[in-house]
Structures are given as structure tokens and as C-alpha cells.
Amino acid sequence: MKKCKYCKKEIDKKAKICPHCNKKQVSKGQIIVAFVIIFIALLLFAIDLSSEEDISFDQYVALNPQELHSDYISNEISAKEKYAGNYYYFTGKIFKVEEYLGDRYLEIRYTYNNDTSKIIELDAYFKNDDIKELSKDQDVTVYCKFKQRNLENYMGTITTYSFKNCKIKKD
């Protein structure tokens, strides 16, 4: 016999619910396992955040927006494997600087194969104030981690790709 953790009445050792107060009995082992799982999840989350911030500018690879788009048109599966999670830099003219739902980002647009009706848009998301001094039509080089293709051929004209943890190299 053991005592219920809530009503302190004696119950069977194997009882999962107290017959007197109908409360679930939680063992110390279950609490420890839950604590360990939460601790490991928080640790993995912290490692993931810190690893992205330690990339030096010379580790980024030049991105060709035309090639990125062509690769996605040709074979989306292999393009995802090729680009996802890799670090790139690209240069272009700012189309828009915005903040939406707390996310600060800038848009850089390119035409696809000189066809002005087909637009490739790269959305670069920032965690800091790097972009508050930038403006439309300004040339900029952005260093980011590729995240994903967001919109495919939206309204027959635009395809967007998003990049996270972006920064601008300051001389």
C-alpha cells in the first residue's frame, strides 16, 4: 500500500488513479523523464540558434538567382536538397523594406531570363536593426541562410524565395 499524493488515503501500489479523490498518481520517475525531455529539447534549440550566428562572411557562397529559379523549375526535389540550409550572399537593388508581424525583411527582385513578366523575388529576413537605414532602389549585398521557396509562379508572374538570419557586411 501507498498513500495518495493528494488526499493522503491509502491506495494500492499499482493504482494509477486514486479511488477516493479520482486524481491521477504521477510517479517520481515520470516527472524526471519529463524534465529530462524538456531539458534536452531546450538544449537542442539553444544549439541550433547559436550555430547559425557563428558563420563568418567568407563562408557564404555567391547565389545566382537565375540558377536558383531554374533549378527549382527543373526539379524541385533536388533543388531543395541543393539549397536548403546553405549560406549564400547576393547583390541587388532593394524593391521594398518592410516589417510584417514583427519580422523585418527586404525584398530584392530580379527578372527571369530578361523576361520582365517573370519575377524572382528574394525575401531576406533580419533579426536586428541592420536594415532600418536602407531604402528602396539602394544596391545592397545580403548574407543569409536559404530557407525555402515560398510562392511558386504566383499569378503567373512572381516566384518568391525566403532567406533567414540575414546580415549586411559593414565595411
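All values reported here derive from a predicted model rather than from experimental measurement. Throughout, numbering of the chain's residues begins at 1 and tracks the sequence.
There is no side-chain donor-acceptor pair under 3.5 Å between Tyr112 and Thr159.
Contact check on Asp139 versus Lys93 returns a salt bridge, with a Lys/Arg side-chain nitrogen under 4.0 Å from an Asp/Glu carboxylate oxygen. Residues Glu121 and Arg109 are paired through a salt bridge, judged by an N-O separation under 4.0 Å between the basic side chain and the carboxylate.
Residues meeting the ring-ring contact (aromatic ring centres under 6.0 Å, His included) test with Tyr89, sequence neighbours left out: Tyr143. Residues forming a side-chain contact (heavy atoms from CB on, under 4.5 Å) with Lys96 (at least two apart in sequence, or on another chain): Glu98, Glu107. Not counting sequence neighbours, the partners of Tyr161 by the side-chain hydrogen bond (donor to acceptor under 3.5 Å, both in side chains) test are His69. For Ser78, there are no side-chain hydrogen bond (donor to acceptor under 3.5 Å, both in side chains) partners at least two apart in sequence or on another chain. Under the side-chain contact (heavy atoms from CB on, under 4.5 Å) criterion, Asp115 pairs with Ser117, Lys118, not counting sequence neighbours. Scanning for side-chain hydrogen bond (donor to acceptor under 3.5 Å, both in side chains) contacts around Thr160 gives an empty result, with sequence neighbours left out. For the side-chain contact (heavy atoms from CB on, under 4.5 Å) test, residues two or more places apart in sequence or in another chain that qualify with Asp12 are Lys14, Ala15.
Residue pairs meeting the salt bridge (charged side-chain N to carboxylate O under 4.0 Å, His left out) criterion with at least one partner in residues 79-91, sequence neighbours excluded, are Glu67-Lys82, Asp71-Lys82, Glu76-Lys80. Listed by first and then second residue, the disulfide bond (SG atoms under 2.5 Å apart) pairs involving residues 8-39 amount to none (not counting sequence neighbours). Note on residues 107-145: pairs passing disulfide bond (SG atoms under 2.5 Å apart), not counting sequence neighbours, are Cys144-Cys166.
Ile17 belongs to no hydrophobic cluster, as no Ile, Leu, Val, Met, Phe, Trp or Tyr side chain comes under 4.5 Å of its own. With side-chain heavy atoms closer than 4.5 Å counting as contact, directly or through intermediates, the hydrophobic cluster containing Tyr100 also holds Leu101, Tyr105, Tyr125.
For CG of Asn113, the number of neighbouring non-hydrogen atoms (other residues, nucleotides, ligands) closer than 6.0 Å is greater than 12.
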